[in-house]
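Following: one structure in structure tokens, then a few remarks.
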Amino acid sequence: MKRYLLPLAALLLSATALAACSAPPAPSDTTAPTAAATAVADGSAMTTTIDYLDAGLPDLGGATIAYLTECATANAYCQTRLDGAQEMADEANAELVVFDANFDPATQLSQVQDAVQRGFDGYLFSPVASTSGCADLDVLLDTGKPVATINSPVCGNPDYTEGTVGFVAMQTESFFTEHVMNAFASCDGECEAVAVGGFVGSDLFTRWESAIAAAAAEYPNVTVVSDQPGNFDPATALTVVQDAIAANPDVSIVVSSWDDMTRGVEQAITASGKTPGTDVRIYSVGGTTDGVAKVADGTWSGTSVLLPYEESAYGFVQLARAIDTGEPTPGFTFLGDAPVVVDGPGSIFVTSDNAATFTPEY
């Protein structure tokens, strides 16, 4: 059974975002956290999670689980992630109650307080932002009930936060650094690059910018001639990249942080009289249906996968395990180590060589 708790304004905003099939709107909380230490995947956390799932989830006897999330229906990523949580809840005979903050930290705080008052048996928490999410997490942990976190680290931690029963994610700073370094490594000699990220001030943009800086230091032969926000919007990305190429006609790489936004990147390259994938290589993030198709036909050089279904599904599994056995799954369950990656492309980087081995989730 699934119920949604959204204020009317959030419902309207989510419907608008979904109709546009866009990436998340700019977050209200623009406080950028200080860059944290490198996130380190914990193989035992992934193994424990997969083994518990493969053995069959327990019957939780109608336990109520609050799914406190920054987004539930705003776009295909959020919807696919909701599907993962809901299917695991159904399998475990649990009731999933969805609290959709619609990217608003103030709304999420109110929903956290509401959920605590109602007294759930467990909490699956995906924070709007690291800073506000840390305060929200403290409120949840004070209940004494198990809390699993997904998607974004909180409290200045690079990954897992002590006190929670697990952490499942992909989009840490380390993930973005791997993505950008993979792109820069394709340069045999001197080359110029353009970077297009999300919203200024958001946690994702902060991680993205740190990744650009780390990759530029690792590959001094690559000069980043333009590093601009694209607001996860193809039209904005088109303008940014077209202007960058006009000012720097020798650009040979564009790195983007979201597949839908990358459609604008491709259009900008074509409009500049260059051929995407040949004159200018494109490296995107998402692993979406459209993105993988573009990689398969050679238009894009790569897309780094995201796994929204596994993100929430594995988070729920860790929560169910804690409710059933009292045991947490500490450490960073990095989705790059998920079976769909390991047994598929064998890497988070989808290329024309391995695209056929990866089935997009959204």
Side-chain angles (χ1 to χ4, degrees), residues 22-23 171 173 175-200 202 204-288 290-305 347-353 355:
S22 65
Q171 298 180 81
E173 183 178 315
F175 168 81
F176 289 120
T177 301
E178 286 188 52
H179 167 72
V180 181
M181 285 191 177
N182 176 63
F184 287 5
S186 69
C187 285
D188 291 329
E190 299 292 324
C191 65
E192 296 181 353
V194 172
V196 188
F199 294 103
V200 172
S202 67
L204 285 178
F205 191 76
T206 299
R207 294 172 202 150
W208 175 252
E209 288 296 284
S210 296
I212 299 296
E218 182 73 16
Y219 292 92
N221 59 308
V222 179
T223 301
V224 180
V225 296
S226 176
D227 179 8
Q228 300 292 327
N231 300 341
F232 297 126
D233 174 46
T236 301
L238 189 158
T239 299
V240 166
V241 175
Q242 198 165 12
D243 289 349
I245 293 177
N248 305 275
D250 293 330
V251 165
S252 58
I253 292 178
V254 180
V255 288
S256 168
S257 63
W258 179 238
D259 278 0
D260 188 55
M261 180 170 66
T262 306
R263 294 189 296 110
V265 171
E266 178 189 336
Q267 292 169 10
I269 293 169
T270 301
S272 300
K274 298 178 180 293
T275 303
T278 303
D279 299 323
V280 182
R281 299 185 299 282
I282 300 172
Y283 294 86
S284 187
V285 171
T288 63
D290 290 342
V292 172
K294 290 289 187 180
V295 171
D297 70 18
T299 305
W300 301 359
S301 295
T303 179
S304 298
V305 303
S347 166
I348 62 172
F349 309 124
V350 174
T351 68
S352 58
D353 291 334

(request) Return the minimal non-hydrogen interatomic distance between Ala183 and Val255, and the atom names on each side. (result) CB-CG1, 3.4 Å

(message) If I take atom NE2 from residue His179 and atom CD1 from residue Ile348, how far apart are they, to the nearest 0.5 angstrom?
(response) 9.0 Å

(request) Compare every heavy atom of Tyr219 with every heavy atom of Ala185, then report the nearest pair and how far apart it is. (result) CB-OH, 3.4 Å

(request) Could you give me the CA-CA distance, side-chain angles and deciding distance for Phe176 and Glu209, then say whether side chain to side chain contact (heavy atoms under 4.5 Å, CB included) is met? (result) CA-CA 9 Å; Phe176 289 120; Glu209 288 296 284; over 6 Å; no

(request) Not counting sequence neighbours, which residues clear side chain to side chain contact (heavy atoms under 4.5 Å, CB included) with Val295? List them please. (result) Trp300, Thr303, Val350

(message) Test your reading of the model: is there a side-chain donor-acceptor pair from Thr262 to the backbone of Val265, 3.5 Å cut-off?
(response) no

(request) Compare all side-chain heavy atoms of Val225 with those of Val251 and state whether any distance is below 4.5 angstrom. (result) yes

(message) On a heavy-atom basis, which atom in Ala211 and which in Glu173 lie closest, and how many Å separate them?
(response) CB-O, 4.3 Å

(message) Would you say that Ser186 contacts Arg281 through its side chain, given a criterion of any heavy-atom pair below 4.5 Å between the two side chains?
(response) yes

(request) Could you tell me the separation between the OG1 atom of Thr223 and the CG atom of Asn248, rounded to the nearest 0.5 Å? (result) 9.5 Å

(request) Give the minimum heavy-atom separation between Cys187 and Ile253, together with the two atoms involved. (result) SG-CD1, 3.3 Å

(message) Please check if the number of heavy atoms outside Asp188 that lie under 6.0 Å from its CG is greater than 12.
(response) no

(message) Has Lys274 got a side-chain atom pairing as donor or acceptor with Ser252's backbone, closer than 3.5 angstrom?
(response) no

(request) Tell me, with the steps shown, if Val180 and Trp208 meet side chain to side chain contact (heavy atoms under 4.5 Å, CB included). (result) CA-CA 9 Å; Val180 181; Trp208 175 252; 4.0 Å; yes

(request) Write down the atom of Pro229, the atom of Val240, and the distance for their closest heavy-atom approach. (result) O-CG2, 3.8 Å

(request) For Thr299 and Asp297, test the side chains for any donor-to-acceptor distance below 3.5 angstrom and give the result as yes or no. (result) yes

(message) Using modelled atom types and a 3.5 Å cut-off, is there a donor and acceptor pairing between side-chain atoms of Asp259 and backbone atoms of Gly287?
(response) yes

(request) Side-chain contact test, heavy atoms from C-beta onward, threshold under 4.5 Å: evaluate it for Phe205 versus Phe199 and give yes or no. (result) no

(message) Under the criterion side chain to side chain contact (heavy atoms under 4.5 Å, CB included), I'd like the reasoning laid out for Thr288 against Asp260: C-alpha separation, chi angles, the key distance, then a yes or no.
(response) CA-CA 8 Å; Thr288 63; Asp260 188 55; over 6 Å; no

(message) Tell me which one of Ser284, Ser256, Pro276 satisfies side-chain contact (heavy atoms from CB on, under 4.5 Å) with Glu266.
(response) Pro276

(message) Please check this pair: side chain of Ser347 against backbone of Phe349, looking for a donor-acceptor N/O pair closer than 3.5 Å.
(response) yes

(request) Could you point out which residue of Leu238, Ile245, Asp243 forms a side-chain contact (heavy atoms from CB on, under 4.5 Å) with Val241? (result) Ile245

(request) Taking Arg207 for its side chain and Gln171 for its backbone only, find out whether a donor-acceptor pair lies under 3.5 Å. (result) yes

(message) On a heavy-atom basis, which atom in Val196 and which in Met261 lie closest, and how many Å separate them?
(response) O-CE, 3.4 Å

(request) Quick one: pull up CZ in Phe184 and SG in Cys191 and give me the separation to the nearest 0.5 Å. (result) 7.5 Å

